[in-house]
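Computed from heavy atoms alone, side chains included, the values below leave out hydrogens, waters and symmetry copies. Numbers for residues simply follow the sequence, beginning at 1.
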Amino acid sequence: MSVTLEEIRLYLRVDGNSDDSLIETLKDSAEQLCSDILRNDDHDVLYGTKYGKAAVLYAINYMYEHRTEADWSALKKSLRAMLSGARRESF
């Protein structure tokens, strides 16, 4: 079960819908990034992990707040730490 736009807006504390298309794009990017870290392309697996939803929301928030100066290495390290228990050994 994927995160909804309303859940993301609440997490980001965003009122209104002016950033909806950006948020949807960030959601897709966050899900792909988290799936890559898990080494699994199935989003059901991502959301089935203990911290999958939290990791996606964290990534969306990071990308939303750091649009111009993101430290991608730090983001990936944080997500790897959150998802390490569910990460596959290899593809």
Query raised in the report: Is the CG atom of Asp42 crowded by more than 12 outside heavy atoms at less than 6.0 Å?
Result: yes

Query raised in the report: Is it the case that more than 12 heavy atoms not belonging to Tyr51 sit under 6.0 Å from its OH atom?
Result: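 Result for OH/Tyr51: open.
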
With a 4.5 Å cut-off on side-chain heavy atoms, are [Y] and [X] touching?
X: Tyr11; Y: Val3; answer: no
X: Asn40; Y: Ser35; answer: no
X: Ile60; Y: Val56; answer: yes

Query raised in the report: Can you name the residues that form a salt bridge (Lys or Arg N to Asp or Glu O under 4.0 Å) with Glu7, not counting sequence neighbours?
Result: Lys53

**Report entry** Within residues 59-70 or reaching into it, pairs that qualify as side chain to side chain donor-acceptor pair (under 3.5 Å) - sequence neighbours excluded
**Finding:** Asp19-Tyr64

Report task. Walk me through it: do Ile8 and Glu24 pass the test side-chain contact (heavy atoms from CB on, under 4.5 Å)? Result -> CA-CA 9 Å; Ile8 298 168; Glu24 288 288 348; over 6 Å; no

Query raised in the report: Given the rule in the side-chain contact (heavy atoms from CB on, under 4.5 Å) test, do Asn17 and Asp20 qualify, once you have shown the distances and angles that lead to the verdict?
Result: CA-CA 5 Å; Asn17 58 2; Asp20 283 359; 3.0 Å; yes

**Report entry** Polar side chain donor-acceptor pair, Asp36 to Gln32, under 3.5 angstrom
**Finding:** yes

Query raised in the report: Considering residues at least two apart in sequence or located in another chain, which fulfil the side chain to side chain donor-acceptor pair (under 3.5 Å) criterion with Ser2?
Result: Lys27, Glu31

Query raised in the report: Is Arg9 reaching over with its side chain to a backbone N or O of Gly16, donor-acceptor style, under 3.5 angstrom?
Result: yes

Can you measure from [atom1] ([X]) to [atom2] ([Y]) and round to the nearest 0.5 angstrom?
X: Leu79; Y: Ser84; atom1: CG; atom2: OG; result: 11.5 Å
X: Arg80; Y: Leu38; atom1: CZ; atom2: CG; result: 11.5 Å
X: Ile23; Y: Ser18; atom1: CD1; atom2: OG; result: 8.0 Å
X: Leu33; Y: Trp72; atom1: CG; atom2: CH2; result: 8.0 Å

Report summary line: Nearest heavy-atom approach of Leu75 to Ala59 is CD1-CA, 4.1 Å

Report task. Examine Val45 and Tyr58 and state if one hydrophobic cluster contains both, with Ile, Leu, Val, Met, Phe, Trp and Tyr joined whenever side-chain heavy atoms are less than 4.5 Å apart. Result ->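 No, Val45 and Tyr58 fall in different hydrophobic clusters.
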
Requested in this report: Look at the side-chain heavy atoms of Ile, Leu, Val, Met, Phe, Trp and Tyr, link any pair under 4.5 Å apart, and say whether Leu57 and Leu5 land in one connected group.
Outcome: yes

